[in-house]
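A short worksheet on the structure shown next.
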Amino acid sequence: MSKFFRYKLFHFLPVFLFLNSSILQVKSSSDLAAWELKTNGVLELKTKSNTNLKAYFQKANKIYGDRFWVDFPGELKNPRTIKGNGQIKEIRLGKPNKGKTRLVIEFKEGTYLNPLTWRMVGVDQNRWRIKLFRPKYSFEKIGEGYVGKTKPNFKANKNSINEKKTNYDYLKLPNVEQNKFLVVIDPGHGGSDPGAIGIGGIRETDVVLEVSKMVEKLLTEKGVKVSLTRRNEVNLDLPPRVAFANNLNADIFVSIHANASRGKRRDINGLETFYYRGGRGRLLAKEIQKQILKVSPGSPDRGVKQGRFYVIKNTKMPAVLVEIGFLTGRLDSRRLEKTNHRKRIAYAIAKGILEYLHKVG
Ligand SMILES: [Zn+2]
């Protein structure tokens, strides 16, 4: 027996993208959720997220034909055999030992197989595909359960699916020269000044501090040095924020805020980014605004504007103040109270900053 591959792909998210067992025919605590051998000889598997698969092949012997099998963590409840057709003799689901599930595909004699070319590909964090053979004559698909992308109308999965898609895009952050740039991130307000108070009591100071720390982490991973004007709930006046950035001689200054509308109107939502001086400040504002809009579908683009805010007026470097949504707005606040959305916004701000640094060099 040769164990010829062991792939562990797509570990990009900790979200648990599984699977209402009531809609699937495979009922077990097994990591295998669904499988299908298609008419073109491709085997598709659906598993729990981030599982560990092991796949094997064995040439025919006196007892068995050529066999391909995959082992999954988790024990199968009801071992079974499914009759094959065409070049497939049968498919067996079993538990080779406690806590394991094994899916065996047994081929009929005389099927030409080339296992050295086989590659198990992770097409999603919970879906796998491998081309096993080329059907010579008509082959009817065999399978159990639904192997496609989990349908977005499953309530429990809705957010995970959206997040997966978005995160996937936003993990592609642009590269910049390592250890060259210093960015000062300024989480607005703090301490006895909570900033805007939104629907359900959501506080600007909390939202922007968390987002700022996320931005810091993302930029640091990209080799950009980051300093935050505050890291916790402290009172911090505006002049020290400016002095902090000026003394560090930072390359850019990004102040992060969330909005409130007069009269706390729930129908007012949107994102806007301010700069004071033209040229680079404006470019930085544009890059950030472009990215945050992408992760805030439906929320109005209030534009890139010139603003006379103290922190962007008095800092020496290109400086912007970004308003990541209205805590008093129904749409924005519902999003901003969620960690997932804060992450998306942080990715977007980091991406905007990196795009800017990449352009300016
Ligand atoms: Zn503010």
Side-chain angles (χ1 to χ4, degrees), residues 183-216 226-245 250 252-276 281 284-285 288-289 291-293 295-296 299-315 318-339 341-346 348-350 352-353:
V183 173
V184 167
I185 303 286
D186 175 44
H189 312 277
S192 59
D193 166 24
I197 307 285
I199 297 171
I202 186 171
R203 305 191 322 157
E204 180 181 357
T205 180
D206 301 325
V207 176
V208 300
L209 182 58
E210 191 180 17
V211 169
S212 297
K213 287 178 176 174
M214 290 169 171
V215 174
E216 176 191 32
V226 179
S227 288
L228 262 57
T229 54
R230 69 176 178 99
R231 308 196 61 84
N232 39 44
E233 287 307 326
V234 289
N235 287 320
L236 188 59
D237 220 341
L238 301 180
R241 298 176 196 248
V242 168
F244 180 77
I252 58 170
F253 176 91
V254 177
S255 191
I256 301 178
H257 288 253
N259 247 325
S261 60
R262 227 171 259 173
K264 303 204 167 188
R265 284 178 53 178
R266 297 192 172 205
D267 58 326
I268 295 181
N269 298 277
L271 300 97
E272 55 196 349
T273 306
F274 296 92
Y275 66 99
Y276 175 68
L284 176 59
I288 291 175
Q289 178 73 3
Q291 297 302 330
I292 57 176
L293 284 172
V295 299
S296 311
S299 191
D301 177 6
R302 296 169 64 93
V304 167
K305 303 168 186 168
Q306 210 165 4
R308 302 180 60 83
F309 298 103
Y310 184 92
V311 288
I312 55 173
K313 191 177 165 192
N314 292 289
T315 34
V320 300
L321 187 148
V322 50
E323 296 277 5
I324 59 177
F326 279 79
L327 296 177
T328 47
R330 202 177 287 111
L331 176 69
D332 291 348
S333 72
R334 201 176 285 164
R335 282 181 176 153
L336 285 166
E337 67 187 19
K338 295 197 180 94
T339 304
H341 183 68
R342 294 180 191 179
K343 273 185 197 163
R344 290 183 201 123
I345 286 282
I349 293 172
I353 290 172

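The residues of the chain are indexed from 1 along the displayed sequence. Remember, it's 1-based here, ligands and their atoms both numbered in the order they're listed.
- Rounded to 10°, the angle formed at the Zn ion (ligand 1) by H189 NE2 and E204 OE2 is 100°.
- V208 places a side-chain heavy atom less than 4.5 Å from the side chain of R230.
- The Zn ion (ligand 1) lies at 2.8 Å or more from every N, O or S atom belonging to E323.
- Under a 4.0 Å N-O distance rule, the pair R203/E337 does not qualify as a salt bridge.
- Considering just the N/O/S atoms of H257, the one nearest the Zn ion (ligand 1) carries the name ND1.
- A donor-acceptor contact shorter than 3.5 Å links the side chain of S299 to the backbone of G270.
- A donor-acceptor contact under 3.5 angstrom links the side chains of H257 and S255, judged on distance only.
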